Amino acid sequence: MFNAADIEKYMESLRNDAQREILMRFFKTTPGEYGFGDEFIGLKVPQTREVVREVAKDISLDDVPLLLMSKWHEVRLCGFLILVAKFGKLTSKRLEYAEDAIRCRDDIIALYLNHVEQANNWDLVDLSAPKLLGHWLMLPTCFGGKAPGLYREEKMELLDQLAASDNLWRNRISMVCTWKTTQMGDPSWCLRYAEKHLHHSHDLMHKAVGWMLREVGKRVSMTLLRDFLHHHAAEMPRTALRYAIEQMADDERRMWMDAGSLS
């Protein structure tokens with residue numbers, strides 16, 4: 001069975017310098033950009049997924065933090081995808097209310113939240129937050145050592161803390177995790193955090209807000225999306241608004257863009 005050191009060494013052996021340069025430009029790693037200082041091996045996401053499937057499938061949960069603390073972007077992604085895989089195995093209907101499974105899911109979420117600073121680029125957030133934190137929001141938990149329950153208010157307080165942080169990636173986690181809650185039929189999480197992040201200063205959050213709102217219209221109710229826009233379109237950043245209305249007909253998109261802000 002491979003441990004974290006073995007996995008990192010194996011991934012380093014796959015280094016691709018040409019791809020590494022492309023990724024470092026794509027993920028904005030130069031001084032002053034949001035990904036400044038991030039280091040890449042040069043692996044594409046499907047390659048990292050293959051490592052998770054074929055090399056890291058039996059790794060202990062206790063070993064995952066060593067991957068999450070790696071200097072390599074792809075190794076950290078591998079760690080987050082391992083958490084996603086382990087969490088997903090505990091979410092079947094049969095295990096949804098099983099107390100052992102609940103506690104294991106809670107352990108995975110606690111580990112994730114203890115290492116959110118390592119999800120320091122948008123792909124690391126987007127590939128982990130919905131399937132981990134977002135799914136957990138909709139499942140029973142033993143929150144704070146209590147008896148199993150949904151504990152919606154306690155979960156909301158936790159998400160509020162992420163949303164109120166001065167860390168961009170914590171903010172994005174609080175927004176993008178709602179992709180899963182919307183998919184599961186509860187758009188209230190998305191609408192709450194879209195409002196909280198409506199005036200965020202960063203373009204990556206404008207995109208996240210618009211993307212999650214678009215999912216509400218696509219998967220739950222276009223009427224609900226239109227209602228949100230009636231209240232907020234005039235104050236929304238143009239990027240957020242443009243993302244939110246992508247599924248609408250051309251005439252309606254033009255109407256909303258005309259009604260929206262010029263920021």
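Nothing here was measured: the structure is a model prediction, and the numbers come from that model.
A donor-acceptor pair under 3.5 Å is absent between the side-chain atoms of R15 and the main chain of I41, judged by distance alone. Using a distance-only test at 3.5 Å, with no hydrogens or angles considered, no donor-acceptor pair links the side chain of S221 to the main chain of G217. When atom types are taken as modelled, the side chain of K155 and the backbone of L150 share a donor-acceptor pair closer than 3.5 angstrom. In this structure, the side chain of N171 engages the main chain of S165 through a donor-acceptor pair within 3.5 Å. Counting only distance, with no hydrogens or angles, the side chain of E252 and the backbone of A249 share no donor-acceptor pair below 3.5 Å. Side chain of D6 to backbone of N3: a donor-acceptor contact under 3.5 angstrom is found.
N121 approaches G35 most closely through the heavy-atom pair ND2-CA, 3.9 Å. Between L61 and L111, the shortest heavy-atom contact is O-CD1, 3.7 Å. Among all heavy-atom pairs drawn from C78 and V51, the shortest one is SG-CG1, 4.0 Å. What you find for D227 and H231 is that their closest heavy atoms are O-ND1, 2.8 Å. When all heavy atoms are compared, the tightest approach of P140 to R105 is O-NH2, 3.3 Å. Shown here for A4 and L67, the closest heavy-atom pair between the two residues is O-CD2, 3.6 Å.
Between Y112 and F80, a ring centre-to-centre spacing shorter than 6.0 Å is recorded. Here Y34 and F27 keep their ring centres 6.0 angstrom or further from each other. Taking the six-membered ring where the residue is Trp, the centroids of W122 and W169 are separated by 6.0 Å or more. In this structure, H230 has its ring center under 6.0 Å from that of W256.
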Could you please spell out the steps behind the side chain to side chain donor-acceptor pair (under 3.5 Å) verdict for H115 and Q118? CA-CA 6 Å; H115 293 83; Q118 301 307 114; over 6 Å; no
Could you walk me through whether R53 and E50 satisfy the salt bridge (Lys or Arg N to Asp or Glu O under 4.0 Å) test, starting with their C-alpha distance in whole Å, then the side-chain angles of each, then the deciding distance to 0.1 Å, before giving a yes or no? CA-CA 5 Å; R53 285 194 306 270; E50 185 176 358; 5.0 Å; no
Going through the checks in order, is the salt bridge (Lys or Arg N to Asp or Glu O under 4.0 Å) test met by D251 and R254? CA-CA 5 Å; D251 289 348; R254 284 193 291 269; 2.3 Å; yes
Would you sort out whether I173 and V116 count as a side chain to side chain contact (heavy atoms under 4.5 Å, CB included), showing the intermediate values? CA-CA 9 Å; I173 286 170; V116 290; 3.8 Å; yes
Where do K146 and E154 land on the salt bridge (Lys or Arg N to Asp or Glu O under 4.0 Å) test, with the steps shown first? CA-CA 11 Å; K146 300 176 184 177; E154 289 86 348; 3.1 Å; yes
Hey, mind stepping through D106 and I102 against side chain to side chain contact (heavy atoms under 4.5 Å, CB included) and telling me if it holds? CA-CA 6 Å; D106 287 352; I102 291 173; 4.0 Å; yes
Going through the checks in order, is the side chain to side chain contact (heavy atoms under 4.5 Å, CB included) test met by Y193 and L159? CA-CA 9 Å; Y193 294 98; L159 221 60; 3.2 Å; yes
Evaluate the criterion side chain to side chain contact (heavy atoms under 4.5 Å, CB included) for residue pair H135 and V84; output intermediate values, then yes/no. CA-CA 10 Å; H135 201 168; V84 168; over 6 Å; no
For E99 and R103, what are the C-alpha separation, side-chain angles and deciding distance, and is it a salt bridge (Lys or Arg N to Asp or Glu O under 4.0 Å)? CA-CA 6 Å; E99 194 161 338; R103 295 190 185 281; 2.8 Å; yes
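No single ILVMFWY cluster, assembled from side-chain heavy atoms under 4.5 Å apart, contains both I22 and L14. Both V45 and L132 belong to a single network of hydrophobic side chains, linked directly or stepwise wherever heavy atoms of I, L, V, M, F, W or Y lie under 4.5 Å apart. Under the 4.5 Å side-chain heavy-atom criterion for grouping Ile, Leu, Val, Met, Phe, Trp and Tyr, M138 is not connected to Y97 through any hydrophobic cluster.
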Donor-acceptor list for residues 180-191 side chains, cut-off 3.5 Å, not counting sequence neighbours:
from: T181; atom 1: OG1; to: T178; atom 2: O; distance (Å): 2.9
from: T182; atom 1: OG1; to: T178; atom 2: O; distance (Å): 3.1
from: D186; atom 1: OD1; to: S188; atom 2: N; distance (Å): 3.1
from: D186; atom 1: OD1; to: S188; atom 2: OG; distance (Å): 2.5
from: D186; atom 1: OD2; to: R152; atom 2: NH1; distance (Å): 3.0
from: D186; atom 1: OD2; to: W189; atom 2: NE1; distance (Å): 3.3
from: S188; atom 1: OG; to: R152; atom 2: NH2; distance (Å): 2.5

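Side-chain contact between E96 and T91 is absent, with no heavy atoms from C-beta onward closer than 4.5 Å. Between L113 and W136, every side-chain heavy-atom pair lies at or beyond the 4.5 Å cut-off. Here the side chains of Y243 and H206 are not in contact, with every heavy-atom distance at 4.5 Å or above. A 4.5 Å side-chain heavy-atom check between T30 and F36 finds every atom pair outside the cut-off. The shortest distance between side-chain heavy atoms of M205 and V176 does not fall below 4.5 Å. The closest side-chain heavy-atom distance from Q247 to M222 is below 4.5 Å. Looking at V220 and E215, their side chains never come closer than 4.5 Å, going by heavy atoms from C-beta outward. Using a 4.5 Å heavy-atom cutoff, the side chains of M236 and L213 are in contact.
Taking a 6.0 Å sphere around CG of D17, one finds it holds more than 12 heavy atoms contributed by other residues, nucleotides or ligands. Counting non-hydrogen atoms of neighbouring residues, nucleotides and ligands closer than 6.0 angstrom, the CH2 atom of W179 reaches no more than 12 such neighbours. The number of heavy-atom neighbours closer than 6.0 Å to OH of Y10, taken from other residues, nucleotides and ligands shown, is 12 or below. No more than 12 heavy-atom neighbours from other residues, nucleotides or ligands sit within 6.0 angstrom of NZ on K131.
How far NE2 of H200 is from CZ of R172: 10.5 Å, rounded to the nearest 0.5 Å. Remark: L162 CG to S174 OG distance equals 6.0 Å, nearest 0.5 Å. With rounding to the nearest 0.5 Å, the separation of CG in L66 from CD1 in I7 is 10.0 Å. Taken to the nearest 0.5 Å, the CZ atom of R20 stands 8.5 Å off from the OG1 atom of T29. Rounded to the nearest 0.5 Å, atoms CG (L229) and CG (L241) are 6.5 Å apart. If you take CE on M69 and CD on E8, they are separated by 11.5 Å, rounding to the nearest 0.5 Å.
By the 4.0 Å N-to-carboxylate-O rule, R170 lies close enough to E117 to be salt-bridged with it.
The side-chain contact (heavy atoms from CB on, under 4.5 Å) test with L23 is passed by exactly one of E74, E39, H73: E74. Checked against D38 for a salt bridge (charged side-chain N to carboxylate O under 4.0 Å, His left out), the options K71, R25, R76 give a single hit: R76.
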